[in-house]
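Below: one structure, written as structure tokens.
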Amino acid sequence: MGPRGSRLRVLQLRARLCLQFLRVPSSADGSCKGMLGFDILEGSCGDVDLAGVTAIAVLDWPGAIHDGGGRTVLIVAPDTSEDQVDSLHQILTGQLGCDPWGLLGGTFEVVGLVRAPISFEGTGVKVTMIAEGLGRATGDSLKNSVTGEDHQAQIVLPDGFIWKKGECGIGTFEIEAEGLHLDYADTNWIAYEFDWSNA
């Protein structure tokens, strides 16, 4: 049985602007790289309670996401149980259906699992997520080019399969885990809550 009523706060940081499944990424080398932070507020996968689980996925595709060939490392907190890790793995690799992972899961292979303390500090786009000993990502709001004041922007997708409403910002991150090393500044940063379910 798959995820039921999972409500997650997700921080999505992409190293390059990449319009998934629509066109080739606009990065200089055509790749798409990213870091996704999960703060699961409530939910379960079958009989496995996922509430309170935190995780980070480090993602690296050599080209457009839909072309596949990607690699990911999953980082989980030390107290995450084996059943919770297995549930996350099944969800993220698309084994249980449920958009967006039913579509995205077949585009990458999981090349590593790392346990490290994970923290999320802040709200909205102004959040720092840290995987202790591995790296960190920091987001901020877009700025008014004249006044320097916060400039709020949202992407609203009523039929979106990754998010329905995302707060847009700018982020910087560096992380290294299991052979994947990503280091980018001034990148696309989206913060959103989403209910993912295959029920």
Side-chain angles (χ1 to χ4, degrees), residues 1-15 32-62 65 69-98 100-102 104-123 126-139 162 171-184 187 189-198:
M1 180 180 292
R4 294 187 312 235
S6 297
R7 187 164 66 91
L8 302 92
R9 177 175 71 142
V10 181
L11 303 168
Q12 179 170 331
L13 179 63
R14 288 217 184 89
C32 189
K33 304 175 189 303
M35 183 173 170
L36 287 173
F38 302 92
D39 181 7
I40 302 179
L41 304 174
E42 59 187 52
S44 61
C45 182
D47 295 328
V48 179
D49 184 12
L50 296 177
V53 170
T54 55
I56 293 173
V58 182
L59 300 153
D60 183 0
W61 288 273
I65 293 174
R71 300 176 300 152
T72 189
V73 173
L74 180 61
I75 303 169
V76 298
D79 61 351
T80 309
S81 73
E82 290 302 322
D83 285 343
Q84 289 171 327
V85 170
D86 183 59
S87 294
L88 287 174
H89 184 270
Q90 289 182 63
I91 292 167
L92 296 178
T93 56
Q95 296 175 44
L96 304 174
C98 179
W101 304 108
L104 297 176
T107 68
F108 61 81
E109 66 172 314
V110 178
V111 297
L113 171 71
V114 180
R115 290 180 180 271
I118 295 171
S119 63
F120 296 90
E121 301 169 2
T123 59
K126 294 186 175 187
V127 172
T128 295
M129 59 179 166
I130 299 170
E132 193 173 304
L134 301 171
R136 65 189 294 132
T138 301
I162 296 179
T172 298
F173 73 107
E174 181 176 8
I175 192 156
E176 184 167 5
E178 296 292 301
L180 292 186
H181 180 217
L182 306 180
D183 184 1
Y184 296 95
T187 67
W189 176 275
I190 307 288
Y192 57 96
E193 286 192 13
F194 203 94
D195 292 322
W196 288 334
S197 177
N198 68 354

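Throughout, residue positions are numbered sequentially from 1 according to the sequence presented.
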### Query
Would you say Gln95 has more than 12 foreign heavy atoms packed within less than 6.0 Å of its CD?
yes
### Message
Check the orientation of Phe173 and Tyr184. Use parallel for under 30°, tilted for 30 to 60°, and perpendicular for over 60°.
### Response
tilted
### Task
Work out which heavy atom in Gly37 is nearest to a heavy atom in Ile56; give both atom names and the distance.
CA-CG1, 4.2 Å
### Message
How close do Asp49 and Gly43 get, counting heavy atoms only, and between which atoms?
### Response
OD1-O, 3.2 Å
### Message
Let me confirm one number: the CD-NE2 distance from Glu176 to His181, rounded to the nearest 0.5 Å.
### Response
5.0 Å
### Query
If every non-hydrogen atom of Trp61 is compared with every non-hydrogen atom of Gly70, which pair is closest and at what distance?
CD1-CA, 3.4 Å
### Task
With sequence neighbours excluded, tell me which residues meet side-chain hydrogen bond (donor to acceptor under 3.5 Å, both in side chains) with Thr80.
none
### Task
Would you sort out whether Glu82 and Arg115 count as a salt bridge (Lys or Arg N to Asp or Glu O under 4.0 Å), showing the intermediate values?
CA-CA 11 Å; Glu82 290 302 322; Arg115 290 180 180 271; 2.9 Å; yes
### Task
Looking only at non-hydrogen atoms, find the nearest pair between Leu182 and Gly34 and report the distance.
CD1-O, 3.6 Å
### Message
Please identify which of these residues, Val48, Val53, Val76, meets the side-chain contact (heavy atoms from CB on, under 4.5 Å) condition with Val85.
### Response
Val76
### Task
Decide, yes or no, whether a salt bridge links Lys33 with Glu174 under the criterion of side-chain N to carboxylate O below 4.0 Å.
no
### Task
Could you check if a side-chain atom of Leu180 sits within less than 4.5 angstrom of a side-chain atom of Glu178, using non-hydrogen atoms only?
no
### Message
Would the distance check show the side chain of Thr187 and the main-chain N or O of Gly171 forming a donor-acceptor pair, the cut-off being under 3.5 Å?
### Response
yes
### Query
Just how far is it from atom CG of Leu50 to atom SG of Cys45, taken to the nearest 0.5 Å?
6.0 Å
### Rounded distance [0.5 Å steps], CZ in Phe108 versus CD1 in Ile65
10.0 Å
### Message
Looking at Ser81, is its backbone amide N or carbonyl O close enough to the side chain of Gln84 to form a donor-acceptor pair, meaning the two atoms are under 3.5 Å apart?
### Response
yes
### Query
Do you know the tightest heavy-atom contact between Pro117 and Pro78?
N-CD, 3.6 Å
## Note on the structure
To the nearest 0.5 Å, atom CG of Leu92 lies from atom CZ of Phe38 at 5.0 Å
### Task
Please name the pair of heavy atoms, one in Ile118 and one in Ala55, separated by the smallest distance, quoted to 0.1 Å.
CD1-CA, 3.7 Å
### Distance, nearest 0.5 Å, that separates CG of Leu59 from CG of Leu36
5.0 Å
### Query
Do the non-hydrogen side-chain atoms of Val110 and Val73 ever get within less than 4.5 Å of each other?
no
### Query
Roughly how far, to the nearest 0.5 Å, is the OG1 atom of Thr54 from the CD1 atom of Ile40?
8.5 Å
### Query
So Leu74 and Val114, side chain to side chain contact (heavy atoms under 4.5 Å, CB included) or not? Walk me through it.
CA-CA 6 Å; Leu74 180 61; Val114 180; over 6 Å; no
### Query
Are side-chain heavy atoms of Phe120 and Met129 found at a separation under 4.5 Å?
yes
### Query
Are Thr72 and Val111 close enough, and set up right, to give a side chain to side chain contact (heavy atoms under 4.5 Å, CB included), and what steps lead you there?
CA-CA 6 Å; Thr72 189; Val111 297; over 6 Å; no
